[in-house]
Each structure stands twice: as C-alpha cells, then as structure tokens.
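See below for the structure under consideration.
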4 protein chains.
Amino acid sequence: MEGSLDTKPRWERRKDARPEELLAAAVDLFVERGFASTRLEDVARRAGVSKGTLYLYYENKEELFKAVVRNSIVRALGEAEDSIAGFDGHSADLLRILIHGWWQRLGATKASGIIKLVMAEAGNFPELAQFYREEVIDRGTKMISSMLERAVASGEFRPVDVNMVTQVIIAPMLMLVTWRHSVAPCNGSELDPMVFLDTFLDLTLRGLLPADNPHRTSSA
Amino acid sequence: MEGSLDTKPRWERRKDARPEELLAAAVDLFVERGFASTRLEDVARRAGVSKGTLYLYYENKEELFKAVVRNSIVRALGEAEDSIAGFDGHSADLLRILIHGWWQRLGATKASGIIKLVMAEAGNFPELAQFYREEVIDRGTKMISSMLERAVASGEFRPVDVNMVTQVIIAPMLMLVTWRHSVAPCNGSELDPMVFLDTFLDLTLRGLLPADNPHRTSSA
Amino acid sequence: MEGSLDTKPRWERRKDARPEELLAAAVDLFVERGFASTRLEDVARRAGVSKGTLYLYYENKEELFKAVVRNSIVRALGEAEDSIAGFDGHSADLLRILIHGWWQRLGATKASGIIKLVMAEAGNFPELAQFYREEVIDRGTKMISSMLERAVASGEFRPVDVNMVTQVIIAPMLMLVTWRHSVAPCNGSELDPMVFLDTFLDLTLRGLLPADNPHRTSSA
Amino acid sequence: MEGSLDTKPRWERRKDARPEELLAAAVDLFVERGFASTRLEDVARRAGVSKGTLYLYYENKEELFKAVVRNSIVRALGEAEDSIAGFDGHSADLLRILIHGWWQRLGATKASGIIKLVMAEAGNFPELAQFYREEVIDRGTKMISSMLERAVASGEFRPVDVNMVTQVIIAPMLMLVTWRHSVAPCNGSELDPMVFLDTFLDLTLRGLLPADNPHRTSSA
DNA sequence: GATGAATGAGCGTTCATTCAT
DNA sequence: CATGAATGAACGCTCATTCAT
C-alpha cells in the first residue's frame, strides 16, 4: 500500500529531497561560519553534490540564505500565527505557549544561529537586511503586538504601551540566542534557558495581568 | 612650558601618532563593517596613509584587530583593575563604579561595537577568538571574580557562588552592547542604558549584600 | 488524399519533425544572440524539448550550428546550383535570377543573420570557420566563378578577371547583410534592398556585357 | 637636459606606461577573439602582468573595453573634429581629408577590428552598445552632418538630404572594415582600400558638388 | 527515444600581503 | 620610514556536456 504512493524513479525522489538536503547543509555552514564566510562549494560538498547542482535549486547565495530563513524562522513564525489564530483561552497562557514554542521550534535548534548571524552580518548585506526585516521582524512584531492589543482590549491584560511591551517580549529571546551562540562559546558559562524564560514570563505577566489574577503563576 | 614636554620635530610627532591614527581608522571601519568585510585599504585611506604603511605598524589584519582591542577593551580593563587596586571603600560602591566606568569608557563608545563584533565573528577566526578569550574574557572574569571573592571573604557580600555571580554581572553589559548594535538598528526600540544598569545594580546588590545593609541603595 | 501521404502515427511525425523544430529554435537564438552567447538550454526550451533531447539529434553546439547552416545557407546554395544547371537562357538573366533568388531565400530571411554571425564570430571557432569556408564560401565562390567562366567562354560576357568579378558579385550581398544586422540597428538608417541590388546588377552587367547588348537593362 | 625631465623612479615610469601596455594587449585580444571570448587573464599575461594588476587600472572588463574604444576610435574622432575646426578650404577637400585620415588613423589599424567587434557583439552587451552609440555613433554622425550642413549652406555642396548623405558617407567605411575583418580572412579576396575609397569619393562628390565644379577631381 | 538532474571546468572580480623604490 | 604597484589565491556564478532512469 505504501509503495503505491511513491512510483517515482529513484532520481526523482532524490530531486524532491535535494532542496532539504541543501538547506540542511546550508544552515550548518551559515551558522558555523556566517554568511560571508560560507563558501557555496562547501555547502554543496556537505550536501553531497557539486557546486553547479546548488544553482539548480537556488539562484544565488542570497536566495539560498533566504530559503534557509524561510524554512526555519519564517516557517516557525507561521506556525506561531496559526497557534494564535486557533487558540481559545487566556492570553497569559497564549503568551506562555508562544515563548515556549519559540524555544522548542527555534531557540533550541541550530536555526537560532541564523538569528544571531543576521544580527551580526545584516549590515553588510542590505538586501538580506530588507528581506529579514520584512519577512521576520515586521511580521513577528505585528504578531505579538496584535496579540497584546487583543488582550488589552478584552481586559485580560492591563492597558500598556503595546509597542514597548512587544520589544520587552522580544528582547529575552534575542538575549538567549546571543547567549548560546556568542557568549557561551566564549565563556563556558551556563544559563538554563527554561529557567530564564519562565522567570521572564512570570515577571512580565505580573506586570501585564490585572491585580490578583489567577493566571499569574504558570501553574494556573 | 608646553614645548618642553615635546621637543620632537613635527613630523616625528606625526610618526608617533601614526599607530593611534591607524587604530582610530580601524575601529571605525571594523565597527561599521565587521572584521572580515573591512578592507585594509580603506583603513589606510581613512588614516591618510598608504596600504603599505599599515604593514609597517601591524603585521597583518589580525594583529591590527588585536591592537584595536588592546587599545580599547584591554586598556579599559587595565584601568578597571587599577581602580580596584586603588579603591578603598565598600565593595558595593566598587561594583557600582566598575559598571558605570564600563559604560562610560566602553559601553557608550564606538569600541563597544568591537565587543559585538567579536561575538559575531570570533567563530570564524580562531586565532582572534583565542586572543580575545585570553586577554579579555579570562582577565575580565578573573577581575570580577576576585573582587567578589574579596568582598565575600570580608563579609561585605553574602557567601555566593562566585563564578555564577560573575556571569550574572557580565551578562547585562553584553546585553546592552547587543542591544545597541544589533537590536536597536533593526528595531528602532529604545532602552535607556543608565536606567537599565542601575536597575540591574540595585537588584543584584540586594542579592549580594547582607540583610539591612545601608549600601543597598545607590544613594548610600 | 492528404492522409495517404503520411500514414505515421502522430507522435512519430512529431519525432520526424524534431530536427526541424530544433533548427528553427536554433536559428532564432543564434541570430538574436550570436553563437557563443546562445545557451543550448534556451534552444531546447524554445523547441519544447529537454536539453538532453537536443543531444540526441546533434552531437554538440558546433554540430547544431552546422546543421543550421546546412539547413539554410547550404540548402539555398544547392537550389541555386540547380537553378543554374537547369537554366536555359542568357547569363545576364541568370545572374539576375541568382541575386534576386538569394535575396528572397536568404537575404530577406532570418537566416541572413547567420551570415553576419559567421563574419563576426568565426574567428573564435576555428572548426566552424573551416566548415563554413568549405561548405559555403568555397562552394558559393565556385558556383559563381564557373557561371562567369561559362558566360565568358560563350561570349555572353566580356573577358574579365573571373575571380575578381566573383568577389565583386559577392560583396554587395554581404554588404546588405551587414547593413541589416549591424548597421541599421545602430543607426536607424534605411537602405532599400531591392533598389540596392538592382542598382548593383545594372552597374555590374553594364561592365560584363559586350557593348550594346540588349540584356543591359533588367527589363530586357 | 633630457634626463632632468624624467626624475621618476623606474617603477613609476612603468606605472605611466601600464595603461598603454594594457590597452595594447587588450586591443589585440579583443580584435582577435571578440569581447565575450577574451579572457582578462590573457590580456594581463600579454601585457606581462598578473590578472589583479589589470584591475588597478580598469574597473572591469567593460571599462577596459571602453578605454580601448576611447583610446582609438574616440581619439581619432576628436582629431577629425579638430581638423574640421582648423580647416580652411573647400568642403570637398575636407571630405577627402576626413576619409583618408580615417583610413590612416583607424581603418588601416588594428583598431578597425573594434568597429567590427561592436557590430558583431554590441547586441549582447547593452551597456557597451549605449556607450558606443553615445560616444562614437552619435558624435561621428553629428560631425559629418554638420560639415555637410555647412557646405550646403555655403553653396559648396548642392542642397541634399543631409542625414541620408551622412549614412551614405559612413557606409563605405563600415564596408571596408567588414571586408578586412570578416570577408577577406574567409575569402582571400583583395580589395584595394585606397582605390575603393577614392572611387567612392569621386562618385559621391560628383553628386554633391554643383555642376562643372573644379573640385570634382581629386587632382584639383 | 526522451528526460532533466548532475557535473566541473572556466572566468570575472576582490583583497590581504609583499617588495622594489 | 613611506609608498603604492604588483601579486595570486579565492570565491560566486555559468553552461556545455553526460548519463541514470
């Protein structure tokens, strides 16, 4: 029964897999070496193909990088948006879910290195900076802002400066990423991400929720 | 009176100034473009000398970078060490002085971009990473740790896990740098550094000082 | 009645048509972009086949180009030879027929771009140059020369330096092609080909025909 | 006395010579192989330098080509303009001087291959096409047109369609170039350029000059 | 026969580094 | 000391050609 679902010749099945294989190799190297210092030939070799093959799937280095971003960060953003849309409960719990989901889907994965990389190198590659701003920053910011607005409007959260709080929420995630990829490797220091995020959540929710709200503790 | 301090002919003073001029040009460009993307020709041009001259003073790109680091971060570290050695007062005040001094001498200056740069690119340049670890990280860590140890030994601070607290103290400084150079430019967001650092100091000292210690408030 | 002429199944007729379709696509692109700059992938795509298929019909790029030349210029040359062989009249009229036929079958068609292309690029592709010399230049020259010799021998034309006159006859045709493909597009200038060719014919025949020959005017 | 005029160190004299050496190598190869097929490494090697050196003098391949054009065709155009400005005589003689000057300064030199090259390849390099149109075609056309206008206004030449005649004058020069670089090498044929140009001049001037003008014959 | 994925040699361009002057 | 011309290795990208299916 399963075999009947895939009647393609082997090389065609390979072709379907290629983009994924190339992206996998690309994330690894981009994270290891940064955008500028990653050689496409190395990406190709790590994916087990020749340099030319890479160009069958991605127009150039920047497009490859965009694909990596779309395949990790943008995808996770979409999933987060979906989980917001489908969520039916208190916004405090939604915020907890988002932050934890971010950690599991991005923060803890190799892809988080991409976030650090963009912070480090976007300045030198204006087209990438624009792409990242449009497809990640703007969209992510909007997602959190509108969630906050809804929560404020419904009275779940106290009236706050939504844009400011959005920044406050994003900050510790970037912090964690910086830590993992820049500080820890230089430093050997430890920082338990879950403890850090939960501390942050408790603190922030204490500020966002109206007084004496039972959602204050994560055990709620 | 002034002339007696510098009897060299002008061109020789110029010669003595060269390294400084080169370093000034180099910081600017390293901070603007990162290590890999900075072209030595641009550094030389900005310093008003030829490319070859640069090599008279610095063996190669990495040595130039090291010199930049020594001239800013390492120098500031030395000054901090001196101010510790010469300090005669309560360790809580010393910590305040160190943090504020860091902000004034490094955090608020262009050189803070170097810190971010190292976090971003050190991975690609192992020799730089090693240099930075030895001359900045290890030394800075040791400085803070020994200060803490002394304070704990003297009873000024409660007994704490010194290594852990060292990390806790370093973190917000890195945070601030990351914010200024990576987040703010992508984000337009604001973060008042002094407020941030003071908040951190109050919070941390509250944890470090024995109960009911008058040094708890910065006005003490 | 029509069906009886072609009893093959449709796909097989398609197969027979492939070479023609490929050649058609190839002329277009060679003329548009030149030999070196034409990508075989584009030729294949324009013919509606895959790149690999092209290689089933033509060994490589040069062979494809040769086929294009054979299918246009060489074929026209053959037809011209036939029309000479089958011609029964005065050589002056034959020359008129040849020149006009050349214009209709080649000069006015896309294939004339191939002539220009050879003039422009043959230098870079020695094998093509040799092929073109053997199959076009030598043969065309011989055709005209022998026609002239016959006409001189028969007394239709005055005794002339046959090789020289051959060049004189070829020149305006190349001129016209150069004009259409190299000068006009840079220049917006016009040049009525028929007027040009007729002027040339009148002029040349005036020189070739014995005095007071009634064939001097094209209306004869 | 002469030595005192050149006190530069040898390598500096070399530097002054480099552009010329590079241009010389470049004309040769561009004419031999065309624009697209000429490898910059070959140009460099022929000039006796490394590939990188070429880029010290010319930003890229197109700029190198433009420099070649400026150094030959555009320069000759300027000289022609000067000789028009400084000319004091009958326009028929001026036209003769221009045509003969063109042959000596361009037509008979290697640079004439550049003209052919542009006709052949400009289509594939839009920026080059634009450059050539602006700096050569437009300027050259304007030069001839205004000369004709002046001659017509002064009554030296009969009233004619100036733009049309301009094309008529340019045509045989392009013809000659095509002949030398495209036809002759394929053909072994000969065409005495001076005879060709003089024939053209006599013919054209016969059409331009008022009846019974003594300037009709070049011996005038 | 037909496909199209894969290859790899080749070229334009950049830039840290050297060295004759 | 200072110069800046010269080098050459490196890398992004292209495309004719091959070959497993």
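Letters A, B, ... mirror the listed sequences (proteins, then strands); counts begin at 1.
- With the 3.5 Å cutoff on both pairing distances, Watson-Crick and G-U pairs in DNA chain F assemble into runs of at least 3 at E:2-21 with F:2-21.
- With sequence neighbours excluded, the residues satisfying salt bridge (Lys or Arg N to Asp or Glu O under 4.0 Å) with Glu135(A) are Arg70(A).
- For Ser37(C), there are no side-chain hydrogen bond (donor to acceptor under 3.5 Å, both in side chains) partners, not counting sequence neighbours.
- Scanning for side chain to side chain contact (heavy atoms under 4.5 Å, CB included) contacts around Glu20(D) gives Asn71(D), with sequence neighbours left out.
- Residues passing the side chain to side chain contact (heavy atoms under 4.5 Å, CB included) test with Ala129(D), sequence neighbours excluded: Ala122(D).
- Per the geometry, CG belonging to Leu54(B) stands 13 Å off C1' belonging to dT3(F), to the nearest Å.
- Using a 4.0 Å heavy-atom criterion, one finds that Leu40(C) contacts the sugar-phosphate atoms exclusively.
- In this structure, the nucleotide among dT18(E), dA2(F), dA16(F) sitting nearest to the side chain of Tyr55(B) is dT18(E).
- Evaluation of the side-chain hydrogen bond (donor to acceptor under 3.5 Å, both in side chains) rule for Glu59(B) yields no partner, not counting sequence neighbours.
- The salt bridge (Lys or Arg N to Asp or Glu O under 4.0 Å) pairs that include a residue from residues 120-131 of chain D are Lys66(D)-Glu127(D), where partners are two or more places apart or lie in different chains.
- For Lys51(B) against dT3(F), no side-chain N or O and base N or O form a donor-acceptor pair under 3.5 Å.
- Straight-line distance from the CD atom of Glu41(A) to the P atom of dC13(F): 13 Å, rounded to whole Å.
- Contacts between residues 26-38 of chain B and DNA chain F, defined by a heavy-atom separation under 4.0 Å, are absent.
- The listed nucleotides are dT17(F), dC11(E), dT17(E); the one nearest the side chain of Arg39(D) is dC11(E).
- One finds no side-chain N or O of Tyr58(D) lying less than 4.0 angstrom from the OP1 or OP2 phosphate oxygen of dT13(E).
- Side-chain N/O atoms of Thr53(A) include none lying less than 4.0 angstrom from OP1 or OP2 on dA5(E).
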Got a list of side-chain donor-acceptor pairs under 3.5 Å for residues 23-34 of chain D, not counting sequence neighbours?
{"unit_1": "Asp28(D)", "atom_1": "OD1", "unit_2": "Lys110(D)", "atom_2": "NZ", "d": "2.8"}
{"unit_1": "Asp28(D)", "atom_1": "OD2", "unit_2": "Arg46(D)", "atom_2": "NH1", "d": "3.4"}
{"unit_1": "Glu32(D)", "atom_1": "OE2", "unit_2": "Arg46(D)", "atom_2": "NH2", "d": "3.4"}
{"unit_1": "Arg33(D)", "atom_1": "NH2", "unit_2": "Asp42(D)", "atom_2": "OD2", "d": "3.1"}

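- Remark: Phe131(C) CZ to Phe125(C) CZ distance equals 15.0 Å, nearest 0.5 Å.
- The separation between Phe125(D) atom CZ and dG12(E) atom P is 10 Å, rounded to whole Å.
- In this structure Thr38(B) satisfies the side-chain hydrogen bond (donor to acceptor under 3.5 Å, both in side chains) test with no other residue, sequence neighbours excluded.
- Taking only side-chain atoms of Val49(B), from C-beta outward, the nucleotide of dT3(F), dC13(F), dA2(E) with the closest atom is dT3(F).
- Listed by chain and residue number, Glu134(A) satisfy the side-chain hydrogen bond (donor to acceptor under 3.5 Å, both in side chains) test with Gln130(A) (two or more places apart in sequence, or in another chain).
- Minimum heavy-atom separation, Lys116(D) to Ala120(C): NZ-O, 3.3 Å.
- Judged by closest nucleotide on DNA chain F, Ser50(B) is the one of Ser50(B) and Gly52(A) placed further toward the 5' end.
- Within residues 60-69 of chain C, the residues having any heavy atom closer than 4.0 Å to DNA chain F are, in order of number, Asn60(C), Lys61(C).
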